[in-house]
There are 2 protein chains.
Amino acid sequence: MLTLDRLNACAPDEFVRLLEGIYEHSPWVAEGACARRPFKSLAHLKRAMAEVVREAGRQRQLALIRAHPELAGKAAIAGELTAESTGEQSRAGLAHCTPEEFATLQRLNAEYNAKFGFPFILAVRGPRGTGLARQEIIATFERRLAHHPDVEFAEALRQIHRIAELRLNDKFGFAPREGEQVWDWAEQLAQHTDRGCEGTGQLTVTYLTEAHRACAQRLAHWMKADCGFDEVEIDAVGNVVGRYHASRPGAPRLLTGSHYDTVRNAGKYDGRLGIFVPMACVQALHRAGRRLPFGIEVVGFAEEEGQRYKATFLGSSALTGQFDSAWLDQADADGITMREAMRQAGLCLDDIPKLRRDPAHYLGFVEVHIEQGPVLHELDLPLGVVTSINGGVRYLGEVVGLASHAGTTPMDRRRDAACAVAELALYVERRAAADGDSVGTIGLLEVPHGSINVVPGRCRFSLDLRAPNDAQRDRLAQDVVAELARICERRGVQHRVEEAMRASAAPSAPAWQARWERAVEALGLPVHRLPSGAGHDAMKLHELMPQAMLFVRGGNGGISHNPLETITADDAQLAVSAFSHLLEQLAAEHA
Amino acid sequence: MLTLDRLNACAPDEFVRLLEGIYEHSPWVAEGACARRPFKSLAHLKRAMAEVVREAGRQRQLALIRAHPELAGKAAIAGELTAESTGEQSRAGLAHCTPEEFATLQRLNAEYNAKFGFPFILAVRGPRGTGLARQEIIATFERRLAHHPDVEFAEALRQIHRIAELRLNDKFGFAPREGEQVWDWAEQLAQHTDRGCEGTGQLTVTYLTEAHRACAQRLAHWMKADCGFDEVEIDAVGNVVGRYHASRPGAPRLLTGSHYDTVRNAGKYDGRLGIFVPMACVQALHRAGRRLPFGIEVVGFAEEEGQRYKATFLGSSALTGQFDSAWLDQADADGITMREAMRQAGLCLDDIPKLRRDPAHYLGFVEVHIEQGPVLHELDLPLGVVTSINGGVRYLGEVVGLASHAGTTPMDRRRDAACAVAELALYVERRAAADGDSVGTIGLLEVPHGSINVVPGRCRFSLDLRAPNDAQRDRLAQDVVAELARICERRGVQHRVEEAMRASAAPSAPAWQARWERAVEALGLPVHRLPSGAGHDAMKLHELMPQAMLFVRGGNGGISHNPLETITADDAQLAVSAFSHLLEQLAAEHA
């Protein structure tokens, strides 16, 4: 087995030889990485090699991609693969394709090569060394064939980094055990899905359905039986709460967790990752027989997504004393009120007010979450530190011009509603970009009842504007709305905008953000700070105590609220390690 | 009765006194017009007064608008209107409003004044001195209340010009008799509408329906019985053809006409005006017992709009020998083939090839048509001379980017399909405007399945590009398609565009365009040249002989393919006069 000590100490020639085959037929990657020694962790080495590729320029990157064999391609048939590739392709069962599957793969290989000019690359090895199913490989192949060439070029490089990661793990005899534990928990919890979704492969777990209550039951069981939490309960709104006691009674607690409900047709990690990661940490503490000078309280929030009832953040609202009793009278699509659903689940409504946490008993709140965006994925970074949960405001709007004949209305006599909105869209793009960390989106856009030969008389649109703090969000919104008025004034068209939603920003508490940053640094990884564009339970807890979040990279471009949402066991392992480091920092502070 | 001679000769004070009350409480309009003497026609005087207002600046224009009373307003109740207003409002039956109608008018007056800061002005007198129905007045009021203030300001001035025109007609004892005849024919023909539209007020006349055949019958009857055409027939495709013989046998003929079919829920003048105007001219020649040195052949084309069958320009195609026998097998929405419909109508399919005209027998083709656009309406010009029927090309397109989370995707990592199309829309606007007489329109625009919080991954759109000649159209199309490719390349999104239609331009024959220009000048009106953005039967005849078109101003902003399409009897009269002048020019040339 290879060790970091050996790699850090050996001669450059030896270094390159030791890392032979990590990047297929491309020793220049190891050569480049050699100059970056010493490495303080395996993650550091992986990152260094990825950086060499990132900085190599497009020509060398293309050569690297082209150095890879096709999946089940000619080289595989002729037995000309590297040892690594042979093992990987055979574990994915590609040697046992049916004739139809084989024909499909050959066709896809040909089409992919014709479109992109390089072979299709996919890390076919799943967690725990299992291979991806052939059907899954073919589905991924077809999906990626539709990509823009730039997107697919970047994706090919990321797959190569993932393959390198797995090969390095083998070489170092490293298995991300805690990450695999997280991955296993996620798989098992995902077996529970709402009625009508069973067997479809879809994951949907909405508030207090049978599947939802089964998830609560399993989480509670794992906390108690597998992780060694001292107290575990399902509270009056369905939150699963596990407490791991401090080394001394009466000590304050660290509050952490995330939600276990899902959107419809969801991924397996949104929310749940933030429950599993601290569970894995407590499990390790418990196994080591360790107590810290503070308690750890992990909450699996019952509801965050607002899918069955319009009561987003229900679970965390109960902890901040903001559970709205008017919610109880809401009925779901089947006419079942929340009150009925809670009674049926045996929840004790009268006890909801008691769920409010007294901040005096808590150090603060931290939350681990998948990024749900492309930033970390594109930067080849497994972890990111959240600076703020963005505040947002949404509008629905309409511009009304004059519908007129597309042939007979001269350009200087038009009142084109769609062109006014087009101008707005480009302004929003520029204005949000100028802030650096604001975002602005026109997600809904439509010329109602438009015709190919009619100048648009109406155009409907939405505006979604977000920024890391409320003042920045408000300046953005003010500028956008004012620009819309200016555009419409100049073009002689009318408009209306209606505010549809407004949410306050939740900037991270600086001391807590700094703890996450130190934890990431300690892993040998660069610290990347980014705002959270999506809302999280931490937004609610923010009103009660200091909070800060850690983001974990999502695969497939960072897609979320989608079955393609994914993480690697290696990244989950890094999240567990970062969380453990944060616990150690707090322990040192409170020693 | 006032005469032009008297007005042209009198002292300025007298001039202003003679025209008192033409522009309500605003003698400055007559004062300004006085300097523009002598007037060669009543139309010239009307135009001169309108020009004084056009050049007066916004403050005086606003004062002029505000000098008018409200409809059924306080001044009317108190008996404080000018004599002219009293007569007009009473003829419109406003004194006989029901209490509900009166209350509605008061509410509308208040809302209108609050929105625009001036009273609602409407020329309530219709052709032949009839008043608009009260319901029609209220409907117009409500429609105009929704306008942009600039649009409504211009509309108020145009209504004032129309009121002035009617008052001048009274003062001069002038009635536009031939224009009223055209207006009456249009009203009577509009009584025939396809099944399902009767009694709805909607006008729809599609190829060979019962209503369509009734229209042919009436046109043929009017040509023969009322106008004195020598030969009238309904030909093998349903065209109504009337011939007025020349003074000598074997002389060539002038070909003219337009279509009598309509779109669904159409106006009364699109197409039909171009049949009625030469009919009125022939009627006048016949009444005067005059023959010209050339024959006149007026064709009411049976089909131009392609509504029942996809066979646009069917009627004129038969004359150019391009009737496509494949059309015969097309079925309408009820499954009736064109062949069946034609047989049922007693049309003799075998004779269709004989309909082809030999250009040697014709001088050329002229067509009168409503503009179907806003240009003449906005310039306060009743007539315009067409320079070319624009060539066009249409595309359907889609941009494909990456759908992603509106909150979590930074601005510099987006592949927003809608923003790419927004950029295209603004480019099309600029690029077409740069030509001066090209037009470009994105009429269809949609983010399919968009969400308020998702960056658009797809955006569908249409492109309609037109120019007065094919080379200009092709340069425009080339630039637009190339710019789309550049935008998509820069933004890293994919796109496809598909050509959906391509039509050649039909520039007017210079000698024929010059005849129309001389005719307009002879009426004392300025010559305004403009391209036709819409297609017309003249486009087909263009392939066989020289052609040129005359446009007549449409009211209500020039709207067409809509029940709001309208013209005035005065404008129709000018069209008849211009056509007669063109006939006189040709007579002089062939004398």
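In what follows, chains carry the letters A, B, and so on, assigned in the order in which the sequence lines appear, proteins first and then strands, with residues in each chain numbered from 1. Since we're looking at a predicted model, the values are computed, not measured.
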Would the distance check show the side chain of A/Q372 and the main-chain N or O of B/G407 forming a donor-acceptor pair, the cut-off being under 3.5 Å? no

Contact part of A/E423 toward chain B, heavy-atom cut-off under 4.5 Å: side chain, backbone, both or neither? both

Nearest 0.5 Å please: distance from the CE atom of B/M501 over to the CG atom of A/N453. 8.5 Å

If one checks every heavy atom of B/E378 against chain A at 4.5 Å, the contacting part turns out to be side chain

Picking from B/I559, B/V447, B/L530, which has the most non-hydrogen pairs under 4.5 angstrom with chain A? B/V447

Minimum heavy-atom distance A/I452-B/S462, with the two atoms named: CG1-CB, 3.5 Å

Tell me, side chain or backbone of A/L424 under 4.5 Å from chain B's heavy atoms, or both, or neither? neither

Sort out for me which of B/S451, B/A432, B/G401, B/P456 touches chain A most, counting heavy-atom pairs under 4.5 Å. B/S451

Within a 6.0 Å radius of atom CD on B/E489, are there more than 12 heavy atoms belonging to other residues, nucleotides or ligands? no

Point-to-point distance, once rounded to the nearest 0.5 Å, from OG of A/S404 to NE2 of B/H561: 13.0 Å

Go through the atoms of A/L445 and report whether side chain, backbone, both or neither lie under 4.5 Å from a heavy atom of chain B. both

Is it true that a side-chain atom of A/Q494 and a backbone atom of B/A146 form a donor plus acceptor pair closer than 3.5 Å? yes

Identify the two heavy atoms, one from B/T441 and one from A/V455, that lie closest to each other, and give their separation to 0.1 Å. CG2-CA, 3.9 Å

Does any part of the side chain of B/V151, heavy atoms only, come nearer than 4.5 Å to the side chain of A/R415, both counted from C-beta? yes

Pairwise distance CZ(B/R491) to NE2(A/H148) - rounded to 0.5 angstrom: 12.0 Å

Quick one: closest heavy-atom pair of A/D150 and B/G492, and the distance? OD2-CA, 4.4 Å

Select one option (side chain, backbone, both, neither) describing which atoms of A/V454 are under 4.5 Å from chain B's heavy atoms. backbone

Looking at every heavy atom in both A/A425 and B/C419, which two are closest together, and how far apart are they? O-SG, 4.1 Å

Do you know the tightest heavy-atom contact between A/L444 and B/G450? CD2-O, 3.2 Å

Option in A/H405, A/H449, A/E429 with maximal non-hydrogen atom pairs under 4.5 Å from chain B: A/E429

Name the region of A/L402, side chain, backbone, both or neither, that has any atom closer than 4.5 Å to a heavy atom of chain B. side chain

Bottom line for A/F461: the part with an atom under 4.5 Å from chain B's heavy atoms is neither

Relative to chain B, which segment of A/S438 carries a heavy atom at a distance below 4.5 Å: side chain, backbone, both, or neither? backbone

Interchain contact, A/V493 with chain B, by part (heavy-atom threshold 4.5 Å): backbone

Rounded to the nearest 0.5 Å, what separation is found between the CZ atom of A/R431 and the CE atom of B/M411? 11.0 Å

Do NZ/NE/NH1/NH2 and the carboxylate oxygens of B/R460 and A/E446 come within less than 4.0 Å? no

Heavy-atom distance under 4.5 Å between the side chains of B/P374 and A/P410, does that happen here? yes

Which one, A/D464, A/L426, A/D435, leads in non-hydrogen pairs under 4.5 Å with chain B? A/L426

